[in-house]
Peer 1: 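Can you read through this structure? Questions will come right after.
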Amino acid sequence: MAEHHLTTPLTDADVSKLRAGDVVYLTGVIYTGRDAAHKRIVDALDAGENPPFPLQGAVIYYVGPSPARPGRPIGSAGPTTSYRMDSYAPRLLKLGLKGMIGKGMRAAPVREAMETEMAVYFGATGGAGALLGLRIKDAKVIAYEDLGPEAVRELTVENFPVLVINDCVGGDLYAVPDLEAALG
């Protein structure tokens, strides 16, 4: 397990050195979006429109943050379950998305798309949203404000801690070894 400090947007070189189990501290801009926002992004793409943020090298965080306390840019910002975005993720990866942050396992088509498109899936610690929110230095809604907490936000993060769950060479931190097969 290695430790990396990366700045967004991510490049192929950044992603190629990451392996399942590595700890990464992200600095720079990441974007938020949950399932309702993903549907709108894909609908916009289907209509020939641009997505609300540049996908090339982008990292998207599956989060619906709570309201900010006075003096803070955002409230609690813990990850949401990622499988709800699985039907949208391969298309966004094909368009340049390099990283996704959430919690829980990803479907086989998403894992395959990460290998094909050289991307990575990061896990953030569920239940630690208040602590994760402290690593967010700025937050602003950039699209779909009517979705409330699920609107697309641009977050400026500093040393935002994540763990590589799925890497671009098929590594899967959630993979369970087949112990019966290993024993013969």
Side-chain angles (χ1 to χ4, degrees), residues 6 8-12 14-16 18 20 24 26 28-66 74 76-124 126 129 132 136 138-157 160 162-174:
L6 298 176
T8 61
L10 299 182
T11 65
D12 286 351
D14 292 329
V15 172
S16 69
L18 301 177
V24 176
L26 291 172
V29 171
I30 63 175
Y31 301 93
T32 70
R34 293 177 52 166
D35 39 330
H38 275 70
K39 180 176 183 340
R40 287 196 187 177
I41 291 169
V42 168
D43 288 346
L45 292 169
D46 287 343
E49 300 168 5
N50 290 324
F53 57 89
L55 290 171
Q56 196 64 45
V59 176
I60 192 164
Y61 184 20
Y62 305 144
V63 60
S66 66
I74 200 166
S76 180
T80 196
T81 306
S82 301
Y83 78 85
R84 294 190 309 233
M85 276 57 73
D86 281 355
S87 62
Y88 308 107
R91 184 166 181 191
L92 300 182
L93 292 168
K94 189 171 184 68
L95 293 172
L97 186 72
K98 285 292 176 195
M100 303 161 285
I101 305 170
K103 66 179 181 183
M105 297 175 71
R106 306 309 301 264
V110 178
R111 294 192 309 270
E112 291 164 11
M114 283 186 269
E115 291 181 55
T116 303
E117 307 301 334
M118 192 169 280
V120 65
Y121 171 54
F122 299 111
L132 291 169
I136 298 170
D138 190 36
K140 62 183 173 188
V141 173
I142 60 169
Y144 317 137
E145 188 168 1
D146 60 302
L147 294 178
E150 297 192 35
V152 174
R153 288 174 169 75
E154 180 182 281
L155 306 179
T156 301
V157 298
F160 191 86
V162 291
L163 181 67
V164 176
I165 303 297
N166 295 106
D167 60 37
C168 66
V169 294
D172 184 351
L173 194 62
Y174 291 146

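The analysis underlying the following values was restricted to heavy atoms, covering all of them including side chains, and did not include hydrogens, waters or symmetry mates.
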Peer 1: To the nearest 0.5 Å, what is the distance between OG1 on T32 and CD1 on I142?
Peer 2: 7.5 Å

Peer 1: First locate atom CG of L6, then atom CG of L26, and finally report the distance between them rounded to the nearest 0.5 Å.
Peer 2: 6.0 Å

Peer 1: Please find the pair of heavy atoms, one from I136 and one from A139, that lie closest to each other, and give the distance.
Peer 2: CG2-CB, 4.5 Å

Peer 1: Tell me the closest heavy-atom pair linking L18 and D14, and the distance in Å.
Peer 2: CG-O, 3.4 Å

Peer 1: Flag the pair T116 / L93 as yes when at least one side-chain heavy-atom distance between them is below 4.5 Å, and no otherwise.
Peer 2: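 A side-chain contact is absent here, since even the closest heavy-atom pair is not under 4.5 Å.
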
Peer 1: Taking all non-hydrogen atoms of both residues into account, name the closest pair between L132 and P79 and its distance.
Peer 2: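 Answer, listing the atom of L132 first, then P79: CD1-CD, 4.0 Å.
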
Peer 1: For residues 143-153, tabulate all N or O donor-acceptor pairs below 3.5 Å that involve a side-chain atom, not counting sequence neighbours.
Peer 2:
unit_1, atom_1, unit_2, atom_2, d
D146, OD1, R40, NH1, 2.8
D146, OD2, R40, NH1, 3.2
D146, OD2, R40, NH2, 2.7
R153, NH1, G148, O, 3.4
R153, NH1, P149, O, 3.2

Peer 1: Quick test of your reading of the model: are K39 and D43 salt-bridged, counting only N-O distances below 4.0 Å?
Peer 2: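 Judged by the 4.0 Å cut-off on N to carboxylate O distance, K39 and D43 do form a salt bridge.
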
Peer 1: Has T8 got a side-chain atom pairing as donor or acceptor with I30's backbone, closer than 3.5 angstrom?
Peer 2: no

Peer 1: I need the single residue from Y61, Y121, F122 that forms a side chain to side chain contact (heavy atoms under 4.5 Å, CB included) with V162. Which is it?
Peer 2: F122

Peer 1: Using 30° and 60° as the class boundaries, would you call the ring planes of H38 and Y88 parallel, tilted or perpendicular?
Peer 2: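 Tilted, since the angle between the ring planes falls between 30° and 60°.
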
Peer 1: Can you check whether Y31 reaches P54 side chain to side chain, under 4.5 Å on heavy atoms?
Peer 2: yes

Peer 1: Can you measure from OG (S66) to CD1 (I74) and round to the nearest 0.5 angstrom?
Peer 2: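 Rounded to the nearest 0.5 Å, the OG-CD1 separation comes out at 7.5 Å.
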
Peer 1: Hey, could you give me the OH/CD1 distance between Y174 and I165, rounded to the nearest 0.5 Å?
Peer 2: 4.0 Å

Peer 1: Check whether any side-chain heavy atom of I41 lies under 4.5 Å from a side-chain heavy atom of F53, and answer yes or no.
Peer 2: yes

Peer 1: Hey, does the side chain of K98 reach the backbone of M118 with a donor-acceptor pair shorter than 3.5 angstrom?
Peer 2: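 Yes: the side chain of K98 pairs with the backbone of M118.
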
Peer 1: Are the side chains of D12 and C168 in touch, meaning some heavy atoms are under 4.5 Å apart?
Peer 2: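 They are not in side-chain contact.
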
Peer 1: Give every donor-acceptor pair under 3.5 Å between a side-chain atom in residues 100-114 and any protein atom, sequence neighbours left out.
Peer 2:
unit_1, atom_1, unit_2, atom_2, d
R106, NE, D86, OD1, 2.6
R106, NH1, Y62, OH, 3.4
R106, NH2, Y62, OH, 3.3
R106, NH2, D86, OD1, 2.8
R111, NH1, R106, O, 2.5

Peer 1: If I take atom CD1 from residue I60 and atom CG from residue L97, how far apart are they, to the nearest 0.5 angstrom?
Peer 2: 6.5 Å

Peer 1: According to salt bridge (charged side-chain N to carboxylate O under 4.0 Å, His left out), does anything in residues 113-124 pair up with another residue at least two apart or in another chain? List the pairs.
Peer 2: none

Peer 1: Decide yes or no on side chain to side chain contact (heavy atoms under 4.5 Å, CB included) for D35 and T80, but give the supporting numbers first.
Peer 2: CA-CA 10 Å; D35 39 330; T80 196; over 6 Å; no

